[in-house]
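Working notes, structure below.
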Amino acid sequence: MAETLNETFDEALARYQAGESAEALLPVFKEICANAPKLSSAWTCLAWLQLLVSDPANAIRSAERAIKLDTYDVQARVNLAMALIEAKQKGVRGHVEIAQQIVQGSPEAKEQLESSFADGLQRKPDWTSLKKVHGWIFDEAAD
């Protein structure tokens, strides 16, 4: 069963990377999370998709779940920070600071995050919260 879930996750991720819409993939990732509730990367992806479709309330819950499972998941921290901004809630700074620390200590995490930010802006060019968090993490002037 676990192998099948991992295969399903890998296939869904490949579909996303091939350009399939967040709307089409949301039910797939919801099902993966329901069947593999301890797979932090699936929760991180679900939160990202929820942000892409402007559902910050659910993105907060998904990102929090991912962070609970993997405290050092930099993408989950970014997702949570963006969701909190979009939901006009407090607590953004702490997640941004942890993401900054992770990025400073890991060139691989920095590269993955830069790629994620680029993908997000390609899919949602006017994504204000993404631009803000990107600027904060990489110490740039944010809008």
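Along the sequence shown, the residues carry numbers beginning at 1.
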Is it true that R123 and D119 have a side-chain N and a carboxylate O under 4.0 angstrom from each other?
->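 A salt bridge links R123 with D119.
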Using 0.5 Å steps for rounding, measure from the [atom1] atom of [X] to the [atom2] atom of [Y].
X    : Y    : atom1 : atom2 : result
L39  : L46  : CG    : CG    : 11.0 Å
Q89  : L80  : CD    : CG    : 9.0 Å
L113 : S106 : CG    : OG    : 10.0 Å
R15  : L25  : CZ    : CG    : 5.0 Å
T128 : I85  : OG1   : CD1   : 9.5 Å
I137 : I98  : CD1   : CD1   : 11.0 Å

In the structure I gave you, are the side-chain heavy atoms of [X] and [Y] within less than 4.5 Å of one another anywhere?
X    : Y   : value
V28  : E11 : no
V133 : H95 : no
W48  : L52 : yes
F29  : F9  : yes
Q50  : P56 : no
K68  : E64 : no
M82  : I60 : no
L13  : C45 : yes

Do the side-chain N and O atoms of [X] and [Y] include a donor-acceptor pair separated by under 3.5 angstrom?
X    : Y    : answer
S54  : K124 : yes
S129 : E86  : yes
S40  : D73  : no

Work out which heavy atom in [X] is nearest to a heavy atom in [Y]; give both atom names and the distance.
X    : Y    : result
Q100 : W136 : NE2-O, 2.6 Å
K131 : D126 : NZ-CA, 4.2 Å
G120 : L130 : CA-CD1, 4.1 Å
A81  : V92  : O-CG2, 3.8 Å

Test item: [X] side-chain N/O and [Y] main-chain N/O as donor-acceptor pair under 3.5 Å:
X   : Y   : result
R77 : T71 : yes
W43 : P37 : yes
D55 : L51 : no

Around atom CD of E20, are there more than 12 heavy atoms of other residues, nucleotides or ligands at under 6.0 Å?
->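 Counting neighbours around CD of E20, more than 12 heavy atoms of other residues, nucleotides or ligands fall under 6.0 Å, so yes.
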Measure up the H134 and F117 rings against each other and bin them: parallel (under 30°), tilted (30 to 60°), perpendicular (over 60°).
->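 Answer is perpendicular, since the angle exceeds 60°.
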Of all residues at least two apart in sequence or in a different chain, which pass the side-chain hydrogen bond (donor to acceptor under 3.5 Å, both in side chains) check with R93?
->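 Counting only residues at least two positions away or on another chain, R93 forms no side-chain hydrogen bond (donor to acceptor under 3.5 Å, both in side chains).
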Can you list the steps and then say if Y16 with L49 is a side chain to side chain contact (heavy atoms under 4.5 Å, CB included)?
-> CA-CA 10 Å; Y16 175 83; L49 294 173; 3.9 Å; yes
So V74 and Q112, side chain to side chain contact (heavy atoms under 4.5 Å, CB included) or not? Walk me through it.
-> CA-CA 9 Å; V74 69; Q112 289 175 347; 5.6 Å; no
Stepwise side-chain hydrogen bond (donor to acceptor under 3.5 Å, both in side chains) check, S116 with Q75 = CA-CA 8 Å; S116 175; Q75 184 66 53; 2.8 Å; yes
